[in-house]
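Every chain is numbered from 1, with letters handed out A, B, ... down the list of sequences. Side chains are part of it too, since the values below use all heavy atoms of this structure and drop only hydrogens, waters and symmetry mates.
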Protein chains: 2
Amino acid sequence: MSQPPETVARRILDVTPLMMRVIHTEMRSQRAADLTVPQFRVLLFINRNPGCSLLAVARSLGLTSPTIFKIVDGQVDDGLVRRQDSSQDRRKILLTLTPRGQDILQKTREGTQLRLTEIISPLSAREREVVFEALGLLQPLFLQRNEQEKMINHGERES
Amino acid sequence: MSQPPETVARRILDVTPLMMRVIHTEMRSQRAADLTVPQFRVLLFINRNPGCSLLAVARSLGLTSPTIFKIVDGQVDDGLVRRQDSSQDRRKILLTLTPRGQDILQKTREGTQLRLTEIISPLSAREREVVFEALGLLQPLFLQRNEQEKMINHGERES
DNA sequence: TATTGTTATACTCTATAACTATA
DNA sequence: TATAGTTATAGAGTATAACAATA
């Protein structure tokens, strides 16, 4: 009845890329305002953490600062993100979403969510409950892992 | 108790990129033979379908032929994939894994699976069962969706 | 010295468009 | 005419290395 951890891990490895591919395709479609997944994630973080720094974004996404710099730079050009100098610590910048950025974020989220809703529509109420619970179990584990990898990288850089 | 489809969809959208990020990082690490996720998926498909054509790979992954061509071309250069001309239909090529390709695929799969196993180790037996069942429910839905999108693209191209 | 952001460079993934060879 | 593979081109994501400004 109960699955060994390796079997569950294998299934995560099989299914996650499939889901990611669908999410990616939907976000690039015109319906969802044509964001890439990393762009979407950056907007999401800034929306949840207005006034955050560039490095805060990079750390939360598990990416490097040049990577985030380029993405944010493009979003500033596109009028989605506002970049201000911090008066507290003049090395830092403060990132916030523009109204347009908020709008695009919401449209993308709604569009993608709608598509995912269609895809899972064959599930019964009980099956939806199972999926919901499962992802709720996985979320903190993978969040924590992202943090740990960040710290490991930090340690390696300094050694 | 039961979650509406939109809530479940939202959670898929929240959690999938987190998992994908961990999978990506693990595959790029030296432990797992340094493949990208698309490279891994190509090797996986050829391994399951020896003698397949380039377009078969592209369709199964939901990507275009130039994209797959470049990935496969690099893998042929790296000695992971063998590309032969088909004697039946001389437009086609036959793709197979070399022993080295099989070896790298297995090492990558094992390494990534091991990392995922570590990450989910806090789960109880019952929780593992929930995760396993949930992903088993999602897999066919997202597989089917990939196929549908492929056909939609086909239709649009011909119109 | 350490941190924050930035620039330079290089590589991979991805798509569209256009092409060749074959059916 | 249609299909399989290829090439050219362009844009986005990603990392490492090196740098300037600030703390």
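- Between Gln88(A) and dA23(D), a side-chain N or O to OP1/OP2 separation shorter than 4.0 Å is absent.
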Next on the checklist: For DNA chain D, please output the secondary structure as dot-bracket, reading 5' to 3'. Pairs are Watson-Crick or G-U wobble, both atom distances under 3.5 Å; mark crossing pairs with [ ], other-strand partners with |, unpaired with a dot.
Outcome noted: |||||||||||||||||||||||
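- When the P atom of dG13(D) is taken as reference, atom CZ of Arg41(A) falls 12 Å away, rounded to whole Å.
- Closest approach to the Pro38(A) side chain among dT4(C), dA15(C), dG13(D) is made by dG13(D) (side chain taken as heavy atoms from C-beta onward).
- The main-chain N or O of Glu110(B) is never found under 3.5 Å from a side-chain atom of Gln113(B) such that the two would form a donor-acceptor pair.
- Rounding to whole angstrom units, CG of residue Leu63(A) and C1' of dA12(D) are separated by 13 Å.
- Residue Arg21(B) contributes atom CZ, which lies 8 Å from atom C1' of dT14(D) at whole-angstrom precision.
- Note on Leu114(B) and Phe142(A): separate hydrophobic clusters, where clusters join Ile, Leu, Val, Met, Phe, Trp and Tyr whose side-chain heavy atoms are under 4.5 Å apart, directly or indirectly.
- Met20(B) places its CE atom 16 Å from the P atom of dG13(D), with the value rounded to the nearest Å.
- Side-chain contact between Pro4(A) and Thr7(A) is present, with at least one heavy-atom pair separated by less than 4.5 Å.
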Next on the checklist: Is there a side chain to side chain donor-acceptor pair (under 3.5 Å) between Gln102(B) and Gln106(B)? Walk through the geometry before answering.
Outcome noted: CA-CA 6 Å; Gln102(B) 290 172 1; Gln106(B) 194 194 341; over 6 Å; no
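- The existence of a salt bridge linking Glu133(B) and Arg11(A) is excluded, since no basic side-chain nitrogen approaches an acidic carboxylate oxygen closer than 4.0 Å.
- In summary, the side chains of Arg41(B) and Gln39(B) do not present any donor paired with an acceptor at a separation below 3.5 Å, with no hydrogens or angles considered.
- For the pair Leu61(A) CG and dA15(D) P, the interatomic distance rounds to 10 Å; values are reported in whole Å.
- Judged purely by atom type and a 3.5 angstrom limit, Thr16(B) has no side-chain atom pairing as donor or acceptor with the backbone of Leu13(B).
- Contact annotation: Arg90(B) does not reach the phosphate of dT20(C) (side-chain N/O to OP1 or OP2, under 4.0 Å).
- Arg91(A) has no side-chain polar atom (N or O) that falls below the 4.0 Å cut-off from OP1 or OP2 of dA21(D).
- For Arg82(A), the CZ atom is loosely surrounded, since the number of other residues' heavy atoms within 6.0 Å does not exceed 12.
- Here the C1' atom of nucleotide dT14(C) and the CD1 atom of Ile71(B) are 9 Å apart, to the nearest Å.
- Rounded to an integer number of Å, the gap from CG of Leu35(B) to P of dT12(C) is 12 Å.
- Close to dC13(C), at under 4.0 Å from its OP1 or OP2, lies a side-chain N or O of Thr36(B).
- At least one side-chain nitrogen or oxygen of Thr64(A) sits closer than 4.0 Å to the OP1 or OP2 atom of dA15(D).
- Straight-line distance from the CG atom of Leu55(B) to the P atom of dG5(D): 5 Å, rounded to whole Å.
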Next on the checklist: For nucleotides 6-11 of chain C, give me one character per nucleotide, 5' to 3': B if any protein heavy atom sits under 4.0 Å from the base, S if the only such contacts are to the sugar-phosphate, - if neither.
Outcome noted: BBB-B-
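- Look at Asp34(B) and Arg28(B) and you find a salt bridge, because one of the NZ, NE, NH1 or NH2 atoms lies within 4.0 Å of a carboxylate O, short of that distance.
- Position along DNA chain D of the nearest nucleotide to Ser53(B) versus Arg28(A) favours Ser53(B) as the more 5'-ward residue.
- Using a 4.0 Å cut-off between charged side-chain N and carboxylate O, Arg83(A) and Asp73(A) make a salt bridge.
- Phosphate contact (OP1/OP2 of dC13(C), side-chain N/O of Thr67(B), threshold under 4.0 Å): absent.
- Note on Arg59(A): a side-chain N or O is less than 4.0 Å away from OP1 or OP2 of dT4(C).
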